[in-house]
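Taking it in order: structure first as structure tokens, then the write-up.
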Amino acid sequence: MLLWRRSNDGAGADSAKKQTTRRMKVECAEGSGYKARMTRRWLEEFGAPICPWHEERMIEA
């Protein structure tokens with residue numbers, strides 16, 4: 001037996017649910033388009049990763 005569930009879980013059409021994420025987006029500061037995601041903890045503890053093309057620290061998007 002299949003049970004179907006409404007996608008909005010009973011919320012009205014006008015209600016907007018805020019999307020949250022544990023992973024923060026970082027991108028190349030030079031504009032190469034390279035993007036990555038990492039947790040806030042790792043970003044604060046170790047800093048942003050280094051862009052493989054420009055070899056410079058990425059920035060939080």
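- Partners of Glu56 according to the side-chain hydrogen bond (donor to acceptor under 3.5 Å, both in side chains) rule, which considers only residues two or more places apart in sequence or in another chain, do not exist here.
- Screening residues 20-39 for salt bridge (Lys or Arg N to Asp or Glu O under 4.0 Å), with sequence neighbours left out, gives no hits.
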May I have the list of side-chain donor-acceptor pairs in residues 39-55 shorter than 3.5 Å, sequence neighbours left out?
residue, atom, partner, partner atom, Å
Thr39, OG1, Trp42, N, 3.3
Arg40, NH1, Glu60, OE1, 3.4
Arg40, NH2, Glu60, OE2, 3.3

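- Applying the side-chain contact (heavy atoms from CB on, under 4.5 Å) test to Ala36 and every residue at least two apart in sequence or in another chain returns Val26, Met58.
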